[in-house]
Amino acid sequence: MNSNAGLVIRQAQVLTPEGELQRLDVQTEGHRILRLADHLPAVLPGVREIPAQGLTLLPGVIDPQVHFREPGLEHKEDLFTASCACARGGVTSFLEMPNTRPLTTDQAALEDKLARAAAKSLVNYGFFIGATADNLAVLNSCGPTPGIKIFMGSMHGPLLVDQDQTLEGVFAQGRRLIAVHAEDQARIAQRRQALADVYHPELHSLIQDNEAALLATKKVLALSHRYQRRLHILHLSTADEAELLYQDKPAWVTAEVTPQHLLLDTTAYNYLGSLAQMNPPLRRPRDRAVLWQALLEGIIDFIATDHAPHTLEEKALPYPQSPSGMPGVETSLPLMLTQAVQGHCRLSQVAHWMSRAPALAYGIPNKGLVTPGYDADLVLVDLEHYYPVRPQDLQTKCGWSPFTGWNLTGWPVVTVVGGQVAWDQGRVDPTVRGRPLSFNPRE
Ligand code: DOR
């Protein structure tokens, strides 16, 4: 049981706000970071000491795009199991999407999710409000929420916003951040008909092709210009869209990429089959290379997992009945830290992309840095050893990962949420609870 009286994490390599590693002691009090010093004095009774020599202390990860399935689809995942997976993965805050049952399209559904998370989530939480053709009137008044989610494609039912008039209506009204899943539904429908008699999951990347993504991203970029509206492009997946943003990326537009789109490509269908199926789909090796470059050069702002669990039974259905989506919250940080250790990027960039940049983009106060006064959302990782992704270690209810067998470094040893130890050397503390996030976004 966590008393939350305070922690002293001793002699970790701490990533400072300047992006440097320094060997320091870090003390927390309540849910905040109290102080950092070369050596802090012996602590008072009740304060827990965590010896951390040889480990690295980073700000907790904010995963700004997840699908946690509660309410309504709890056979795939729920807020407890998903947040346990977060704790294992060093994810201390998440922003969750509205395609649950009922859909999160009004204040009552939003409040229901907030109440469920307060009761069950080990980590901090926020929930998007989904746009439909009928809820324009409430989109800018519901809250608290990080923003409005629009599915332009790859969605069924009321959350599919594939009519230009509805789309423009959302941009024209209000000032709230709009986060877009940018795939053009008309293009997808047309490609599906043209390729109707092929039945391999690889087909997915041909039907929902680069052009489908580019068409949609172009459209929302134009709307964002017209209405000077804060736009976030979710899971950018193609070289074509990145090249578009190199030409035209206004200051009020941000974009994210998933570890899947950075680290996997269409060759993954050969060994993963429909486990590799997600929306937007995996792309070709060239897309991956351009996405990496765009991330390194700041055209892409941050990383999200799009954690979208489905059961293995569901995934085993023949394409196209097999659902799209992969889990991600418990592997994203080690995947990216392994990239850093292997020299593809810097440790400080990983922390920026996974903690600080999403906090800034969504205006989440006091998060994403290890500094006094900030929230004690912290992750202590081991960058010395490698350990493989194994199904039996997974906390996600779906029980599988597209990265099974990958040998990774940077696994969380301890994850701290608001000063409480949620993950401790291989064990979740199921009594820990996160808090609702607040949002003061730039417009
Ligand atoms: O692959 C995906 N699966 N992409 C999405 O945008 C939705 C998600 C899901 O909810 O399964």
Side-chain angles (χ1 to χ4, degrees), residues 63-79 82 85 94-105 113 127-128 130-131 147-162 178-185 188 201-205 207-209 212-213 216-217 220 232-238 241 255-262 264-266 268-269 272-283 303-317 319-329 332 396-398 400-402:
D63 191 332
Q65 194 197 168
V66 298
H67 301 265
F68 281 174
R69 309 303 191 201
E70 183 174 348
L73 300 163
E74 289 93 339
H75 68 285
K76 299 175 195 273
E77 189 79 281
D78 63 57
L79 287 164
F94 64 80
L95 305 182
E96 208 261 354
M97 288 297 162
N99 56 330
T100 37
R101 306 286 181 275
L103 307 174
T104 321
T105 51
K113 273 192 173 173
F127 298 98
F128 281 90
I148 300 164
K149 165 72 185 275
I150 298 181
F151 286 92
M152 291 176 74
S154 304
M155 187 43 66
H156 304 286
L159 281 182
L160 176 64
V161 176
D162 61 348
I178 301 175
V180 178
H181 178 132
E183 288 190 277
D184 187 86
Q185 191 62 21
I188 293 172
E202 195 169 348
L203 178 67
H204 194 60
S205 295
I207 293 177
Q208 299 186 200
D209 65 354
T217 294
V220 285
H232 177 64
I233 303 166
L234 298 158
H235 42 40
L236 195 92
S237 62
T238 66
E241 293 163 282
E256 70 186 30
V257 64
T258 70
Q260 300 90 294
H261 289 109
L262 289 173
L264 301 174
D265 54 47
T266 46
Y269 291 117
L272 289 176
S274 57
L275 296 185
Q277 183 190 327
M278 71 172 292
N279 297 330
L282 298 179
R283 308 297 187 187
I303 288 174
T305 66
D306 193 18
H307 180 93
H310 299 282
T311 65
L312 281 171
E313 292 71 31
E314 290 165 335
K315 283 297 237 181
L317 291 168
Y319 186 82
Q321 282 90 47
S322 47
S324 294
M326 309 178 192
V329 289
S332 56
T396 173
K397 198 184 278 185
C398 76
W400 62 275
S401 164

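Numbering of ligands and ligand atoms starts at 1, following listing order. A quick note: this is a predicted structure, and the numbers were derived from the prediction, not measured.
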>> Suppose I only count heavy atoms of Met278 and a 4.0 Å limit; which atoms of ligand 1 are within that range?
In response: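 Checking each atom against Met278, I get 1 (O).
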
> Counting from 1, what ligand 1 atoms have a heavy atom of Asn99 closer than 4.0 Å?
Replying inline: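 Reading through ligand 1 atom by atom, the close ones are 9 (C), 10 (O).
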
>> Is it the case that ligand 1 has an N or O less than 3.5 angstrom from some N or O of Gln277?
In response: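 No, there is no polar N/O contact under 3.5 Å.
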
> Among all protein non-hydrogen atoms, which one is nearest to atom 8 (C) of ligand 1, and what is the separation to 0.1 Å?
Replying inline: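 Going by distance alone, atom 8 (C) of ligand 1 is nearest to Ala308 CB, 3.6 Å.
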
> Among protein heavy atoms, which sits nearest to atom 1 (O) of ligand 1, and what does the distance come to when rounded to 0.1 Å?
Replying inline: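 Ranked first by proximity to atom 1 (O) of ligand 1 is Asn279 N, 2.7 Å.
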
> His307 and side-chain hydrogen bond (donor to acceptor under 3.5 Å, both in side chains): which partner among Glu77, Gln65, Arg69?
Replying inline: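 Testing His307 for a side-chain hydrogen bond (donor to acceptor under 3.5 Å, both in side chains) against Glu77, Gln65, Arg69 leaves exactly one candidate, Glu77.
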
>> Tell me the closest heavy-atom pair linking Leu160 and Gly153, and the distance in Å.
In response: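 That would be CD1-CA, 3.7 Å.
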
What part of [X] sits under 4.0 Å from ligand 1 if we count only heavy atoms: the side chain, the backbone, both or neither?
X      : value
His181 : side chain
Arg69  : side chain
His67  : side chain
Ser324 : both

May I ask you to decide if [Y]'s main-chain N or O and [X]'s side chain share a donor-acceptor pair within less than 3.5 Å?
X      : Y      : result
Lys397 : Glu74  : yes
His67  : Pro327 : no
Glu256 : Leu236 : no

> Are a donor atom and an acceptor atom from the side chains of Asn279 and His204 found within less than 3.5 Å of each other?
Replying inline: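 Yes - a donor-acceptor pair under 3.5 Å links their side chains.
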
> Does a side chain donor of either Arg283 or Thr238 reach within less than 3.5 Å of an acceptor in the other side chain?
Replying inline: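 Not at all, the side chains of Arg283 and Thr238 share no donor-acceptor pair under 3.5 Å.
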
> Is His310 near ligand 1, meaning one of its heavy atoms is under 4.0 Å from it?
Replying inline: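 The answer is yes, since His310 has a heavy atom less than 4.0 Å from ligand 1.
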
